[in-house]
Engineer: 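Structure provided below as structure tokens; questions to follow.
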Amino acid sequence: MSQPFALVDCNNFYASCERVFQPELRGRPVVVLSNNDGCVIARSNEAKALGVEMGAPWHLNRELFERESVVVRSSNYTLYGDMSGRVMRVLADFSPNLEVYSIDEAFLSLSGFEPRLHDHAVNLRRTVLQWTGIQVSVGIAPTKTLAKVANRFAKKDLDRNGVFVMTDETEVERTLARMTLTDLWGVAGRMAHRLTELGITTPLKLRDSDPAFVRERFNVVMQRMVLELRGISCLDLEDHVPDRKSIIASRSFGRPVTTLQEMEEAVASYVARAAEKMRRQNLATAHLSVFVETNRFKPTDPQYNVSRAIRLPVASADTGTLAKAANTVIRALYKDGYRYKKAGVMLLDLVTAGRVQSDLWTEPDSIRSKSLMKALDRLNGYYGRGTLTYASSGKQQGWKLRRDHISARYTTCWEELLTV
């Protein structure tokens, strides 16, 4: 067998994070809502048992939630991000090769642990729970695609106690026979329909199909999936995160925005957030785009959706410089008489901050600018985001996201630490 891969997936991650610091929620149905308390984006097992669907609108299910005593929480991404970091640091102790795949998933190489894969996974699962309070499921297999399959059954089959080592060929066949095409990693409805039209109706048939035929009819990605389902590893761990080509920061408003001042505040706030993400990767940009939207779900309202880009003479990572440019764009875009629902900023054509070239008239960010941004990020990182902001972002920010059911930022804000 080639080196075994493990996929570690946090169970009901957002709901689990809420329970870590609120033990009274354990055993109760919990749902987490999207931005602006719009729809359900996470459910505990108890909420799933009540038939609560992913994406269910909050306003249409309020009576059901109240009748069934469902605990509702607004999305608390500050808490979830910090808890994710804690989980990933624990996982790094169990393998020197780790790929953080998403906020609640990670691939590990378990090469060298072959004689005791199950015991190692059980110890990993126990340690993550003890050190972070988060339950995880572990699927182990010869390829990343099969590890994803194994993790699915580690989570769903209660008899496996959260760990499934799928290295036996007979076990692989038996497991694939229990799945549908859309259960596979990366296969959506349209792709499944195309496969079915060719007579490939199950994951098992996909595994046994001709890789060359699949590549001819689809692409090399599907060919790799066929090989991965056969136990031939085609996808290595990504040991570093590639630099982004663009960064976006956008939010729906908590209420319609109808004044230029509030729109300017919102866009300046989004620029600050995007610039912070950019500096974290040591990048800069000379190209940004701003967009505004009205609410397309209210066709009786006048509709207006528009975007515009602007280029700077020299790439910058300075929030003030970028906010000034975005402010120029928003003044050109904004029109009175509309009820704006959303706005956003995209930073494009990102380059390494240390390699920015000046032009004849404009210099790159000065030492003073870089020091200021470093201090800004350090203070906000230590005391909590928003501790230090530009005045252009506004103070009251009545347009901010509606989060009526938000929990405390137990791990990142001194004022919201858990008290006993």
Side-chain angles (χ1 to χ4, degrees), residues 4-20 25-32 40-56 70 80 84 87 91 101-108 110 117-129 132-189 191-192 201-207 225 228-229 231:
F5 291 93
L7 176 64
V8 181
D9 183 14
C10 302
N11 300 344
N12 309 318
F13 181 57
Y14 290 175
S16 296
C17 289
E18 298 289 349
R19 285 173 163 171
V20 169
L25 301 185
R26 295 171 187 171
R28 299 178 60 187
V30 178
V31 298
V32 178
V40 174
I41 58 172
R43 307 161 294 166
S44 67
N45 288 333
E46 295 80 5
K48 294 176 184 177
L50 292 174
V52 178
E53 297 289 339
M54 187 69 78
V70 176
Y80 308 152
S84 173
V87 171
L91 296 183
Y101 180 66
S102 68
I103 192 171
D104 62 344
E105 292 179 289
F107 285 103
L108 286 73
L110 296 185
L117 286 174
H118 188 272
D119 291 342
H120 191 63
V122 169
N123 186 30
L124 178 154
R125 189 169 184 267
R126 184 190 306 118
T127 304
V128 172
L129 177 61
T132 69
I134 301 295
Q135 287 270 12
V136 300
S137 298
V138 186
I140 300 175
T143 69
K144 292 172 74 173
T145 301
L146 287 176
K148 190 83 170 178
V149 171
N151 181 275
R152 176 184 179 87
F153 286 90
K155 183 178 295 186
K156 290 183 175 295
D157 291 355
L158 299 181
D159 294 339
R160 299 189 184 279
N161 295 316
V163 175
F164 184 16
V165 181
M166 193 175 66
T167 55
D168 180 74
E169 181 66 23
T170 303
E171 188 75 67
V172 171
E173 289 189 5
R174 186 184 305 117
T175 304
L176 292 178
R178 298 170 57 189
M179 300 173 62
T180 63
L181 285 172
T182 52
D183 291 334
L184 289 175
W185 181 26
V187 178
M191 179 67 72
T201 57
T202 67
L204 201 55
K205 288 187 177 182
L206 178 60
R207 187 201 69 166
M225 177 173 291
E228 287 251 326
L229 291 174

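Every value quoted in this text rests on a predicted model; they were computed, and no experiment measured them.
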Engineer: State whether the side chain of Arg207 and the backbone N or O of Glu173 hold a donor-acceptor pair below 3.5 Å, judged by distance alone.
Structural biologist: no
Engineer: Are any side-chain N or O atoms of Arg43 and backbone N or O atoms of Val52, one a donor and one an acceptor, separated by less than 3.5 Å?
Structural biologist: yes
Engineer: Is there a donor-acceptor pair closer than 3.5 Å between any side-chain N or O of Arg19 and the backbone N or O of Arg28?
Structural biologist: yes
Engineer: Could you tell me whether the side chain of Thr145 and the main chain of Met225 form a donor-acceptor pair under 3.5 Å?
Structural biologist: no
Engineer: Tell me every residue that passes ring pair (Phe, Tyr, Trp, His ring centres under 6.0 Å) with Phe164, counting only those two or more places apart in sequence or in another chain.
Structural biologist: none
Engineer: Is there a donor-acceptor contact under 3.5 Å from the side chain of Glu228 to the main chain of Lys144?
Structural biologist: yes
Engineer: Kindly determine whether Leu184 and Val149 satisfy side chain to side chain contact (heavy atoms under 4.5 Å, CB included), including the steps that lead there.
Structural biologist: CA-CA 7 Å; Leu184 289 175; Val149 171; 4.2 Å; yes
Engineer: Within the 3.5 Å criterion, strictly below it, is a donor on Ser137 or Asn151 matched to an acceptor on the partner's side chain?
Structural biologist: no
Engineer: Centres of the Phe107 and Tyr101 rings: under 6.0 Å?
Structural biologist: yes
Engineer: Hey, are Arg178 and Asp157 close enough for a salt bridge, meaning a charged N less than 4.0 Å from a carboxylate O?
Structural biologist: yes
Engineer: Run Val128 and Leu91 through side chain to side chain contact (heavy atoms under 4.5 Å, CB included) and show every step you take.
Structural biologist: CA-CA 7 Å; Val128 172; Leu91 296 183; 3.8 Å; yes
Engineer: Is there a donor-acceptor contact under 3.5 Å from the side chain of Asn123 to the main chain of His120?
Structural biologist: no
Engineer: Is there a donor-acceptor pair under 3.5 Å between the side chain of Asp104 and the backbone N or O of Phe13?
Structural biologist: no
Engineer: Check whether any side-chain N or O of Thr132 sits under 3.5 Å from a backbone N or O of Val87 as a donor-acceptor pair, and report yes or no.
Structural biologist: no
Engineer: Are any side-chain N or O atoms of Asp168 and backbone N or O atoms of Glu171, one a donor and one an acceptor, separated by less than 3.5 Å?
Structural biologist: yes
